[in-house]
2 protein chains.
Amino acid sequence: MARAASTKGNTRIQRQKTTQILDAALEVFSTYGFRGSTIDQIAAQAGLSKPNILYYFDGKEAIHGVLLDRLLHTWLEPLEHLGESENPVDEICAYVTRKLEMSRDYPRESRLFANEILQGAPNILAELQGPLKSLTDEKCRLIQSWIDAGEIAPLDPHHLIFSIWSTTQHYADFDVQVKAVLGASTTDRFETAQTHLDHLFRSMLTPRRTDGI
Amino acid sequence: MARAASTKGNTRIQRQKTTQILDAALEVFSTYGFRGSTIDQIAAQAGLSKPNILYYFDGKEAIHGVLLDRLLHTWLEPLEHLGESENPVDEICAYVTRKLEMSRDYPRESRLFANEILQGAPNILAELQGPLKSLTDEKCRLIQSWIDAGEIAPLDPHHLIFSIWSTTQHYADFDVQVKAVLGASTTDRFETAQTHLDHLFRSMLTPRRTDGI
DNA sequence: GTCTATACTGTGATAGAC
DNA sequence: GTCTATCACAGTATAGAC
């Protein structure tokens, strides 16, 4: 994977402009996808000239690559902290909450990731099969141990995680649809979603005496 | 919305080729997005020449428009049938199953839709705010009546629907990630998902005597 | 109706002045 | 280090032969 980042990060102004460009690129790439974005758009968004962008980065692909690199770190971080306290149900629900907060606070990152996966993950497939799979497998073993101890209801850990990812990221990736369907008064959609998702996963995770439903 | 479809559908061969082109375009658009796709790719996929494609459709956008039109009809159809039998919980779970089957059988349509929404729904925003919202609101009133009758647990109907859409479509839109994380033996992922999602929503929907969790 | 050849436009990237 | 001007190419679409 060509991940040729900007080699210019020495002076204060250089770091400032690099940040400025990456922020603009995140805005553009997350909205229009990689192919749908042009350097002109990024330049306009950043308030810089096109050649100036290309002075700081070795082309459009390089900017995209840097964004993806940073993204993966940010994205895996909440999952890494899963299981550091005691109560398993609360622990998983806290992870749900954290993921939903990320959809609210970093929707552009979520959409950048979604765009990449949707189109076959051409640039991060190796990371998915490597670091992401390792971390997920590790957390699935933890969840399985909670199941074996009877602390949460029996379920498939991998699919539980898929459900958490999909329901929370939906509020960032499909925000246009969410707002269209909710119509007026969408300002509290994240609060309502929080209550709903907490209820959803708590229902499923809480063990019951009568196992059969 | 420019929805200039092919006006050529009279002879047998014309209908055949139109279908052939639309199928090829669905394959390409769903994989690379609108901007990421070229007429060359569609032509190659369809086994036709580029000018031949443009003889049948008034440009790239027209093909995309026809696909989106057909998609919306297909996509809303399962939701329209929600509530035609008796048991509310089974009814909603059947809808979940139907949606999951669609992710399995029509992943390209799902990704085409996801691509469009993700990038702000430039071509179907009106349909989301109109037909989709109307239908969703109607079904939410139905769900609310089930809640009022105590037949399912109290919850937010809109967010329940969001959860159903996101969890089921995840298996089409994020299939690359699902397969990467599951690693080997991913052939039964839809069966496992089916069991998991049925359990997930059934847990949430089934009313309890003791209301507090 | 379908093809070959080609015009036109948008976009990524570079050269060279300042 | 940053800009203006420009190149080179890919991609949409059309003209005209057959």
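So that the names make sense, note that chain A is the first sequence line, chain B the second, and so on, each numbered from 1. Hydrogens, waters and symmetry mates are skipped; everything else that's a heavy atom, side chains included, is used.
When DNA chain D is scanned 5' to 3' for any atom under 4.0 Å from a heavy atom of chain B, the first and last hits are dG11(D) to dT14(D).
Taking Gln16(A) as the reference, Gln20(A) meet the side chain to side chain donor-acceptor pair (under 3.5 Å) condition, with sequence neighbours excluded. In this structure, Asp105(A) has no salt bridge (charged side-chain N to carboxylate O under 4.0 Å, His left out) partners at least two apart in sequence or on a different chain. In this structure, His170(A) has no side chain to side chain donor-acceptor pair (under 3.5 Å) partners at least two apart in sequence or on a different chain. Taking Glu109(A) as the reference, nothing meets the side chain to side chain donor-acceptor pair (under 3.5 Å) condition, with sequence neighbours excluded. Residues passing the salt bridge (charged side-chain N to carboxylate O under 4.0 Å, His left out) test with Arg98(B) are Glu101(B), sequence neighbours excluded. Every residue two or more places apart in sequence or in another chain that forms a salt bridge (charged side-chain N to carboxylate O under 4.0 Å, His left out) with Arg189(A) is listed here: Asp175(A). Take Asp156(A) and apply the side chain to side chain donor-acceptor pair (under 3.5 Å) test, not counting sequence neighbours, and it matches no residue.
Side chain of Lys179(B) to backbone of Phe174(B): no donor-acceptor contact under 3.5 angstrom is found.
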Indicate every side-chain donor-acceptor pair of residues 40-51 of chain A with a distance under 3.5 Å to a residue at least two apart or in another chain.
{"unit_1": "Gln41(A)", "atom_1": "OE1", "unit_2": "Thr38(A)", "atom_2": "N", "d": "3.0"}
{"unit_1": "Ser49(A)", "atom_1": "OG", "unit_2": "Asn52(A)", "atom_2": "N", "d": "3.3"}

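Axis angle, first five pairs versus last five pairs of the helix from dG1(C)-dC18(D) to dC18(C)-dG1(D): 10°, rounded to 10°.
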Restricting to nitrogen or oxygen on both sides, can you table the protein-nucleotides 9-15 of chain C pairs closer than 3.5 Å?
{"unit_1": "dT11(C)", "atom_1": "OP1", "unit_2": "Arg35(B)", "atom_2": "NH2", "d": "3.2"}
{"unit_1": "dG12(C)", "atom_1": "OP1", "unit_2": "Ser37(A)", "atom_2": "O", "d": "3.3"}
{"unit_1": "dG12(C)", "atom_1": "OP1", "unit_2": "Lys60(A)", "atom_2": "NZ", "d": "3.0"}
{"unit_1": "dG12(C)", "atom_1": "OP2", "unit_2": "Ile39(A)", "atom_2": "N", "d": "2.9"}
{"unit_1": "dG12(C)", "atom_1": "N7", "unit_2": "Lys50(A)", "atom_2": "NZ", "d": "3.3"}
{"unit_1": "dA13(C)", "atom_1": "OP2", "unit_2": "Lys60(A)", "atom_2": "N", "d": "3.1"}

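For residues 71-82 of chain A, there are no salt bridge (Lys or Arg N to Asp or Glu O under 4.0 Å) pairs, not counting sequence neighbours.
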